[in-house]
Number of protein chains: 2
Amino acid sequence: MPDHVQPTVDVPALLAVLDGPYAGIRELTRKHLVEHAQILDDQIGLDTDTFRERVLEVVKEMAATGSLGVGFPTQYGGGGDIGASVAGFETMALGDLSVLVKVGVHFGLFGGAILHLGSQEHHDAYLADLVTADLLGCFAMTESGHGSNVQALGTTATYDADAGEFVITTPDQASRKDYIGNAARHADMAVVFAQLEIGGESEGVHAFVVPIRDAHGKPLPGVTIEDDGPKLGLNGVDNGRLSFDAVRVPRANLLNRYADVSEDGTYSSPIDNRGRRFFTMLGTLVQGRVCVGGAGINAAKVALTIAVKYALFRRQFGEPGGGEELLLDYGMHQRRLFPLLARTYALHFAQEVLALELHEVFSSEEVVGDEEAERRRRALESRAAGTKALGTWHATRTIQECREACGGAGYLSVNRFAALKADTDVFTTFEGDNHVLMQLVAKGLLTDYASSFEDLDQLGMVRFVAGLAVETVVERTAAHKLLERIKDVLPGGDDDWDQESGLLDPNYQLAMLRWREEHMLSGVARRLKRGMAGDQDAVQVFSQSQDHVIGAARAHVERLVLEAFVDKVAAQPAGDNRVALGLLCDLFALSAIEADRGWFMEHGRLSSQRAKAITREVGSLCRLVRPLAEDLVDAFGVPTEMLHAELLTPLQQA
Amino acid sequence: MPDHVQPTVDVPALLAVLDGPYAGIRELTRKHLVEHAQILDDQIGLDTDTFRERVLEVVKEMAATGSLGVGFPTQYGGGGDIGASVAGFETMALGDLSVLVKVGVHFGLFGGAILHLGSQEHHDAYLADLVTADLLGCFAMTESGHGSNVQALGTTATYDADAGEFVITTPDQASRKDYIGNAARHADMAVVFAQLEIGGESEGVHAFVVPIRDAHGKPLPGVTIEDDGPKLGLNGVDNGRLSFDAVRVPRANLLNRYADVSEDGTYSSPIDNRGRRFFTMLGTLVQGRVCVGGAGINAAKVALTIAVKYALFRRQFGEPGGGEELLLDYGMHQRRLFPLLARTYALHFAQEVLALELHEVFSSEEVVGDEEAERRRRALESRAAGTKALGTWHATRTIQECREACGGAGYLSVNRFAALKADTDVFTTFEGDNHVLMQLVAKGLLTDYASSFEDLDQLGMVRFVAGLAVETVVERTAAHKLLERIKDVLPGGDDDWDQESGLLDPNYQLAMLRWREEHMLSGVARRLKRGMAGDQDAVQVFSQSQDHVIGAARAHVERLVLEAFVDKVAAQPAGDNRVALGLLCDLFALSAIEADRGWFMEHGRLSSQRAKAITREVGSLCRLVRPLAEDLVDAFGVPTEMLHAELLTPLQQA
């Protein structure tokens, strides 16, 4: 494969590639963001109370255009297009992130729960008002003492058969609903997750619609609302705490798609297994994770656009008398920014694949009990978890690097980094803590997404894997096809493919990431078996393998990301834009391998000579990206108003 | 060497080791922080204007006790102890960081400039009022268009011999003084760095005392003051912009220790070379960098204390029915926090060595022209630059990891992370951008700190190095002794020391870091020579070598850090605390080698077997640290009031 030649980027055409099948809603959203650009100043200038009201106002105005409800069925005023709703949400992340998160809480979490966990009567009762934001909701799952472990929630919903009502109770402080967006100020209603209890029997966690405020915004009797107060960021969102003192709701307020309680208190569900039922319910809420990951990736685009443009404008040091050098001509500056730029492109395309899969799965009729369909859902959930984790970690890292690359100017609120940094910081731990999500990914891989293993917790997973032969695990898992695929694309065979292929051959790059994934996953299986064969208990075995479990998951997701990028490049018509994308794809793949070259060398998959060659190649690719850099960030399509960067204004010079 | 046995930590004794020779001022500072603990609530609750005034109030109250002026001569009300002033400042970083930075700006930067660049008459005029904070100053060096490249500043100070005055002028927007702490609101006076011009001749950058406000706080005629407005953090500090429209100050206002202008406009200086003069002046301000690095390290201690205590209290998942597991019993959680804990200890002791050297150098009489004394100053400046960079990068990374390790609770302002994160963020780029500082370190290494190379810029350095034989460079440099020392401590010889020594042998760990440093430095020399021998110009050669230059500097500083830690452990009396410190030292050394194991393998210094063994050992060390973790953070001595962490309050549970 020849080395790259220097292409000229056609920016509008590349923007169209990035916008993909949902160019319309993305364009419309960008237009709305520009219309409401004032919010970026308000974020800096207004006090918290006023800013919260402004954010609500913007959300209501945007909702009135119908663009926020596109994911809901058309009969309730929605657009009936899940893929479009994800694309619109992601694009909103170019703007103020309190607006984004408030939209996410109301439309995504609250609306999503009504849509997916409720049945026709709930849809009829709430969706139309919800789509216009006339009814505002919140999503009361997390508790002060119970974050990631939703099955251990403390809030109870006890069925009172005589009254035909559920009694919602917060038994202790640890069971307060906490960090609930929209709760402190604006929500009329909450979807509350609680342990359903009938006649002294617990049926596990279910979701209930619970009105929390009256028409004047006053908390209803029995409902205690506290304000979580100021936060690191997202101060336009009114996060709060909810406690319930025997609050009664009618039987109909159980969101009963997956389980119901008859008038006399008989519990029924189409899903027999309790754990599986719970995870099926949770699984319908996957769109939230898809959206947060996409938001992280798009926030990173804003930071990169500012940092690259600043580096093309700010000069520093240089030849005496010869003027100072542009920051972007410094090798270290390129090294800091360009691999992040390449990874942003890669994650964008991986996110596109994920959103399409979400659209397809949720646009088709759900058939409970169809093994293959359920496996597909589990695989989607895993992919969503992994992309969310990688996308949000990437956002935190990229925004930080870009802030530092803009020096003191980057620290002023008048430039966008302050808000970007503070607002996105929580992305890595909300909608599922990233480390917990990566464990979910690993579990899916080790159990081949079989829904029968849905309810395995981590220790259950340890015992399950330990009970199988290592070969069985590897054969069962999604990794078992990887080695075959490596051999398919690189007919040189398993032994010499890493020495014979060019570094810029995508088949080589893919083979490397596939090999790593397969090897790490087998390693985890072996480690769990070995641990359980010794005198350790499952808790210890899991604790000592946890970093390997998470490492394997990371290897898996990174492989999916590279595949998405390689496929996208291959699908482009020949031309300069394809060359430019190919260059970014190489930079992403090789900098990913470079970052983990220690592991590849340890496992005999990379000679020290070749490892050094990869580092050199990353440097060369950065120099090739340099003349394209501005076009490549322009193609992200971040409206100038969203950059909100005084530092890009030329200073009058002598 | 035997494996570690499990020690029991004597917390007060370990605190005494960390407090070191300056236990008194540290203890006093902690007492003052507790007395002013209310400021941590104010930081959250007050609006910016009120908070700025509160911060000023706290600074003045602390100044009134005399504890902030300990670095100034006793005849002006100071304590005459530079080392104590650094220790006190570092300790203040456990509290609110706006207070810290305001103290740093006034006492460190403004006061330091008067003390070191001024002569007796300036001391008599300003120091006594400055020590009590009755006179407040700011330090006007950075300009909107000129950050790290101070020699290119645009502000001019033209001598008017007829009037015997300097005329201070801001020629353009790019030359506005910018991001100047204390400027927007409180400073009466500025030390202004400007190009001195006499009779049409430029004499380079010098410092001038310029009053900027009258007794009522109104800007003086010709002085324009703008507010930099809200920032990502440190909003208790009033950063602003200063412009001067032909502002006149008397000739005596030149800080004239290193250069003077006679009444008739004759320029004179004890240092002939202009660049050397400039860098000698800048060099006297090194204390600021020493202080910022120390502040970063201490801010990291606060974050780690909260995160470790939270992880010993918060439970998640675990055996069904068996209660949830403590977060700190998860292997991944240990892996996330403990290497950072070990590195914090390591940096603390490296900082102690640096502060002691600063104390000694600045407590002895300066002799201009004494080569050995000047080399010592250059080495001190280099060490300060490197420790500042590593300490502040470490702070950013550690605080981020600790925030994520505390989940959503970590995001609320009621817990300390929001402030810690936002306030420390700028540390990596102020008082010298970390990347620029690392280049300074590399230059020092390549020129052996000879003051005759003081004025070499980066391109000058490229040409200088390219003109020497590689062997000459390596022999000239500070690295030349490293290989000999490796052979001294590991008599097995150069070829097999890495295979024969135990991983827990500090001599092995030191040999690894020394070898890396020497090798990287020779590599840079070779690379610069090769580049200049080709057809590239110095700009290109530097650009393409920049990441290697910075890598070599990082290797150097990390070696110094390990040496400081190893020496400290060796100096402890036998006993459990020594064992505990040794364990942390091993964890620091091995996790540093692990992080760079790709490089060590590439260069034949680590077999893949041994690399894997190091990873396993890091895991084992984490498990050994686990039972000591709370004691190890308690020994940091962070007052409970400074944790300001609601998340550590037990929740009432059922």
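Letters A, B, ... mirror the listed sequences (proteins, then strands); counts begin at 1.
In this structure, A/T392 OG1 and B/E404 CD are separated by 8.0 Å, a value rounded to the nearest 0.5 Å. With rounding to the nearest 0.5 Å, the separation of CE in A/M438 from CE in B/M332 is 9.5 Å. Rounded to the nearest 0.5 Å, atoms CG (A/D178) and CG (B/L412) are 7.0 Å apart. Note that CG of A/N239 and OH of B/Y411 are 8.5 Å apart. Values are rounded to the nearest 0.5 Å. Atom CZ of B/F542 and atom CD of A/E325 lie 10.5 Å apart (nearest 0.5 Å). Taken from CZ in B/F417 to CG in A/L232, the straight-line distance is 10.5 Å, to the nearest 0.5 Å.
Counting heavy-atom pairs closer than 4.5 Å to chain B, the top residue among A/G410, A/G45, A/G233 is A/G233. Your options are A/G598, A/A419, A/C622, A/G154, and the one with the most heavy-atom pairs under 4.5 Å with chain B is A/G598. Comparing A/Q544, A/R176, A/Q609 by how many heavy-atom pairs each has under 4.5 Å with chain B, the most go to A/Q544. Most heavy-atom pairs under 4.5 Å with chain B, from the set A/M601, A/R403, A/K421: that is A/R403. The candidate with the highest count of non-hydrogen atom pairs below 4.5 Å against chain A, out of B/P230, B/G619, B/C406, is B/P230. Annotation: maximal heavy-atom pairing with chain B below 4.5 Å, among A/V549, A/D47, A/D547, A/I44, occurs at A/D547.
Listed by chain and residue number, nothing satisfies the side chain to side chain contact (heavy atoms under 4.5 Å, CB included) test with B/A595 (two or more places apart in sequence, or in another chain). Residues passing the ring-ring contact (aromatic ring centres under 6.0 Å, His included) test with B/F600, sequence neighbours excluded: none.
Of the two parts of B/I550, only the side chain, counted from C-beta on, holds a non-hydrogen atom closer than 4.5 Å to a non-hydrogen atom of chain A. In this structure, the portion of B/T396 lying under 4.5 Å from any heavy atom of chain A is its side chain and not its backbone. Contacts between B/H548 and chain A at a heavy-atom distance below 4.5 Å are absent for every atom of the residue. Looking at A/E646, the atoms closer than 4.5 Å to chain B (heavy atoms on both sides) all sit in the side chain, from C-beta outward. For B/D329, the part lying near chain A is the backbone, with the side chain staying farther off; criterion is any non-hydrogen pair under 4.5 Å. With a 4.5 angstrom heavy-atom cutoff, B/Q540 does not touch chain A via any of its atoms. Heavy-atom distances place the backbone of A/A422, and not its side chain, under 4.5 Å from chain B. Both the backbone and the side chain of B/A409 come within contact range of chain A, with heavy atoms under 4.5 Å apart. Contacts between B/L647 and chain A at a heavy-atom distance below 4.5 Å are absent for every atom of the residue. Interface remark: B/Q400 contributes side-chain atoms only to the contact with chain A (heavy atom separation under 4.5 Å). In this structure, chain A has a heavy atom under 4.5 Å from the side chain of B/Y179, while its backbone stays farther away.
Heavy atoms of other residues, nucleotides or ligands lying less than 6.0 angstrom from CZ of B/R335 number more than 12.
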message: For a side chain to side chain donor-acceptor pair (under 3.5 Å) check, start with the C-alpha distance between B/R623 and A/S543, then their side-chain angles and the critical distance, and finish with the verdict.
response: CA-CA 10 Å; B/R623 288 190 285 282; A/S543 172; over 6 Å; no
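Judged by distance alone, the side chain of A/R597 and the main-chain N or O of B/E602 form no donor-acceptor pair under 3.5 Å. Panel note: side chain A/S608, backbone B/H603; no donor-acceptor pair is recorded below 3.5 Å.
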